[in-house]
Amino acid sequence: MTAASSGKRPRVRFAPSPTGFLHVGGARTALFNWLYARKYDGDFLLRIEDTDRQRSTDESTRAIFEGLEWLGLSWDEEVVYQGANVARHYADAHRLLDAGAAYRDFTPASELERLRAEAEARGDAFKFDRTMAELSPEALAEKLANNEPYAIRFRVPEGTTEWPDLVHGRIAFPNKDIEDFIILRSDGTPVYNMAVVSDDIAMGITLVMRGDDHISNTPKQILLYRALGAEVPQFGHVPMIHGTDGKKLSKRHGATAVGDYQHQGLLPQAMLNFLALLGWSPGDDTEVMTVPELIERFSVHGLHAKAAVFDTKKLEWMNGQHLAQIPIDQLAAIVAPLVERAGLSSVADLQARHDWFCGVLELLRIRARLTDEIVAQSRPFFVESVEYDPEAVSKQWRDAAATADILDATRERLASLETWEPAAMEEGLRKLAEERGISGGKIFQPLRVALTGLTVSPGIFDVLLYVGRERSLARIAEAVAYLRQ
RNA sequence: GGCUCCAUCGUCUAUCGGUUAGGACGCGACCCUUUCAAGGUCGAGAGACGGGUUCGAUUCCCGUUGGAGCUACCA
């Protein structure tokens with residue numbers, strides 16, 4: 001009977017090793033586990049696999065927490081640190097030894113290395129030969145009495161080890177291809193597969209969902225579960241994420257840490273949405289989904305077996321979609337600190353004129369893909385006077401005298417308006433254009449440069465509205481003076 | 001080399017034997033338009049190859065090719 005069919009509450013886990021930042025591949029594995037737990041009313045646990053003392057750092061552990069928190073992938077129960085459980089791993093390994101499911105191997109590591117190198121030189125595959133470790137009772141007693149170091153190896157039985165993988169279907173490994181692997185090093189520390197199985201049993205994990213790269217560990221782990229007399233959980237191996245060259249995603253593909261995207265101005269829900277679609281599909285054409293929708297629609301049936309290529313273009317598009325649909329208050333809360341950091345305003349000030357700020361955001365969100373772009377484009381709405389982009393000047397202010405003349409007339413017309421609202425502005429300026437026998441663009445474009453210093457901005461009347469009457473008129477006057485100097 | 005997994009447009013994917021093989025990103029064109037976006041319309045673009053099974057295969061099976069992962073007293 002499998003864990004799933006026994007009707008127990010599902011318990012899944014994400015088990016990263018703290019040897020670097022939180023990678024997008026890891027984040028997606030975490031996401032699938034989290035979605036599974038939320039969807040099927042289970043527990044999502046977090047285990048830090050810090051048994052590799054050489055490479056594990058507290059900084060990495062913090063980075064993993066921060067990444068998961070930013071994404072909103074909250075875990076249930078206390079974080080489990082694998083390193084705290086080595087005594088149990090040791091005991092489990094010895095339990096296997098005592099039961100005859102494992103044996104002592106006194107072969108020095110250096111000897112193993114030598115044999116491996118030799119086999120490789122011959123072009124052969126090295127596989128540990130069980131008979132190498134066979135000792136007479138007397139020899140064993142002597143080595144034990146001499147306190148000679150030994151590793152404990154698992155005795156792989158005959159047969160075939162197979163399991164119904166949640167995403168791949170049946171996967172089978174002939175046991176003859178699995179060597180008697182070490183479960184406890186000669187220094188008494190546990191090796192990965194031993195620690196993982198011991199912990200997953202202790203944590204009551206019912207489904208192990210992890211990356212494809214662990215498929216070849218699975219038969220070893222299943223053998224361990226059985227030898228330990230534990231119930232074998234379900235397994236599901238999700239595909240890897242590749243770079244555009246089809247290789248496993250790595251640093252040379254550019255940004256691969258979720259923190260990189262956080263700092264580039266990605267919304268966590270967009271990141272989650274994008275990641276979810278890499279290796280999973282709701283079954284129809286739906287693409288843009290909120291987190292609750294993701295939970296609602298998640299199903300193991302939609303999981304794929306094929307590796308997916310990480311396409312940052314689509315990620316940015318996805319972010320633009322979320323930027324446009326997220327509740328404006330939520331966006332304001334995210335962007336306000338960024339505006340403050342850019343030195344344009346303060347969070348307190350933005351709170352004081354919340355409606356105005358949200359209005360500006362409404363103008364900018366639709367034409368931005370990253371929050372960073374929103375911040376950059378918000379500049380004209382905050383500063384007193386703008387700097388003129390040389391390109392904008394040469395393109396829209398070619399004839400200085402004529403432009404100054406038009407801007408002056410524009411300023412006068414706007415100043416004469418009784419109300420400062422877009423419809424009136426447009427009516428006034430269109431009338432001005434008509435009087436002068438020119439197109440509206442001949443007024444709007446130079447005006448845009450005067451107000452923003454740029455050739456690109458939201459609609460000109462919205463800019464006037466949100467920059468405000470006094471500041472707008474002052475800026476136009478400033479532009480006129482600049483052109484006439 | 002051995003073992004395992006994978007294979008629909010450039011990319012992400014729909015199809016759970018019968019479709020003019022659909023959608024999205026990106027790309028191109030057009031529309032909208034005061035700029036840029038957004039939006040709308042249209043276009044180019046795919047079942048790796050070879051065998052079976054079947055009335056009928058993208059779909060099921062086998063092989064080939066290609067790609068990926070693993071192959072430590074790392075995790």
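So that the names make sense, note that chain A is the first sequence line, chain B the second, and so on, each numbered from 1.
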Here the residues of residues 187-195 of chain A within 4.0 Å heavy-atom distance, strictly under, of RNA chain B are A:Val191, A:Tyr192

If the [atom1] atom of [N] is compared with that of [M], how far apart are they to the nearest Å?
{"N": "B:G51", "M": "B:U71", "atom1": "C1'", "result": "33 Å"}
{"N": "B:G43", "M": "B:C5", "atom1": "P", "result": "42 Å"}
{"N": "B:U58", "M": "B:G52", "atom1": "P", "result": "14 Å"}
{"N": "B:C70", "M": "B:U11", "atom1": "P", "result": "22 Å"}
{"N": "B:U20", "M": "B:A57", "atom1": "P", "result": "15 Å"}
{"N": "B:C9", "M": "B:C62", "atom1": "C1'", "result": "28 Å"}
{"N": "B:U54", "M": "B:C61", "atom1": "C1'", "result": "12 Å"}
{"N": "B:A24", "M": "B:U64", "atom1": "C1'", "result": "33 Å"}

Taking the side chain as everything from C-beta on, heavy atoms only, tell me whether [X] gets closer than 4.5 Å to [Y].
{"X": "A:Trp397", "Y": "A:Tyr482", "answer": "yes"}
{"X": "A:Thr244", "Y": "A:Phe310", "answer": "no"}
{"X": "A:Pro458", "Y": "A:Phe461", "answer": "no"}
{"X": "A:Phe32", "Y": "A:Val12", "answer": "no"}

Take atom [atom1] of [X] and atom [atom2] of [N], then tell me their distance rounded to the nearest Å.
{"X": "A:Gln396", "N": "B:U35", "atom1": "CD", "atom2": "C1'", "value": "8 Å"}
{"X": "A:Leu184", "N": "B:A72", "atom1": "CG", "atom2": "P", "value": "19 Å"}
{"X": "A:His237", "N": "B:A68", "atom1": "NE2", "atom2": "C1'", "value": "15 Å"}
{"X": "A:Lys220", "N": "B:U71", "atom1": "NZ", "atom2": "P", "value": "7 Å"}
{"X": "A:Trp397", "N": "B:U34", "atom1": "CH2", "atom2": "P", "value": "21 Å"}
{"X": "A:Arg448", "N": "B:U35", "atom1": "CZ", "atom2": "C1'", "value": "4 Å"}
{"X": "A:Glu316", "N": "B:C12", "atom1": "CD", "atom2": "C1'", "value": "16 Å"}
{"X": "A:Leu249", "N": "B:G69", "atom1": "CG", "atom2": "P", "value": "11 Å"}

Walking RNA chain B from its 5' end, the first of A:Lys248 and A:Val456 to be reached, judged by nearest nucleotide, is A:Val456

Judged by nearest nucleotide, the residue sitting upstream toward the 5' end of RNA chain B, A:Gln82 or A:Gln445, is A:Gln445

Quick tally for nucleotides 1-8 of chain B: nucleotides whose base has a protein heavy atom under 4.0 Å get B, sugar-phosphate-only ones S, the rest -, giving B-SSSSSS

If you check every side-chain atom of [X], which of [options] has the closest atom?
{"X": "A:Ala308", "options": "B:U13, B:G26, B:U34", "value": "B:U13"}
{"X": "A:His242", "options": "B:U11, B:A24, B:A68", "value": "B:A68"}
{"X": "A:Arg55", "options": "B:A75, B:C12, B:G69", "value": "B:A75"}
{"X": "A:Arg369", "options": "B:A75, B:C25, B:U11", "value": "B:C25"}
{"X": "A:Arg116", "options": "B:G26, B:C73, B:C16", "value": "B:C73"}
{"X": "A:Ser186", "options": "B:C73, B:G26, B:G67", "value": "B:C73"}
{"X": "A:Lys314", "options": "B:U35, B:A75, B:C25", "value": "B:C25"}
{"X": "A:Ile366", "options": "B:U13, B:A37, B:C73", "value": "B:A37"}
{"X": "A:Arg430", "options": "B:U34, B:U11, B:A37", "value": "B:U34"}

Residue pairs passing the salt bridge (Lys or Arg N to Asp or Glu O under 4.0 Å) test with at least one member in residues 190-203 of chain A, sequence neighbours excluded, are A:Arg13-A:Asp200, A:Arg47-A:Asp199, A:Arg47-A:Asp200, A:Arg88-A:Asp199

Students often get this wrong, so: under 4.0 angstrom with heavy atoms, is [X] touching a base, only sugar-phosphate, or nothing?
{"X": "A:Thr455", "answer": "base"}
{"X": "A:Gln325", "answer": "nothing"}
{"X": "A:Gly211", "answer": "nothing"}
{"X": "A:Thr107", "answer": "base"}
{"X": "A:Pro219", "answer": "nothing"}
{"X": "A:Leu278", "answer": "sugar-phosphate"}

Under the side-chain hydrogen bond (donor to acceptor under 3.5 Å, both in side chains) test, which residues partner [X], sequence neighbours left out?
{"X": "A:Arg398", "value": "none"}
{"X": "A:Thr286", "value": "A:Asp284, A:Arg297"}
{"X": "A:Ser56", "value": "none"}

Please table the atom pairs, donor to acceptor, closer than 3.5 Å between any side-chain atom in residues 219-228 of chain A and protein atoms at least two apart or in another chain.
unit_1, atom_1, unit_2, atom_2, d
A:Gln221, OE1, A:Arg210, NH2, 2.7
A:Gln221, NE2, A:Asn193, OD1, 2.7

Could you identify the nucleotide paired to [N], looking across every strand shown and requiring Watson-Crick or G-U wobble geometry with both distances under 3.5 Å?
{"N": "B:A46", "result": "none"}
{"N": "B:U33", "result": "none"}
{"N": "B:A68", "result": "B:U4"}

inquiry  = So, under a plain 3.5 Å distance rule, would you say the side chain of A:Ser457 forms a donor-acceptor pair with the base of B:C36?
reply    = no

Go through the structure and list residues passing side-chain contact (heavy atoms from CB on, under 4.5 Å) with [X], not counting sequence neighbours.
{"X": "A:Lys431", "value": "A:Arg413, A:Glu435"}
{"X": "A:Pro149", "value": "A:Ser186"}
{"X": "A:Asn147", "value": "none"}

Just the table, please: protein N/O against nucleotides 41-44 of chain B N/O, every pair under 3.5 Å.
none

The salt bridge (Lys or Arg N to Asp or Glu O under 4.0 Å) partner of A:Asp180 among A:Arg130, A:Arg104, A:Arg153 is A:Arg130

| said: Salt bridge check, A:Asp260 against A:Lys251: does any charged N sit closer than 4.0 Å to a carboxylate O? | reply: no

side-chain hydrogen bond (donor to acceptor under 3.5 Å, both in side chains) pairs touching residues 161-172 of chain A, sequence neighbours excluded, are A:Thr161-A:Asn175, A:Glu162-A:Arg170, A:Trp163-A:Asp165, A:Asp165-A:His237, A:His168-A:Asp212

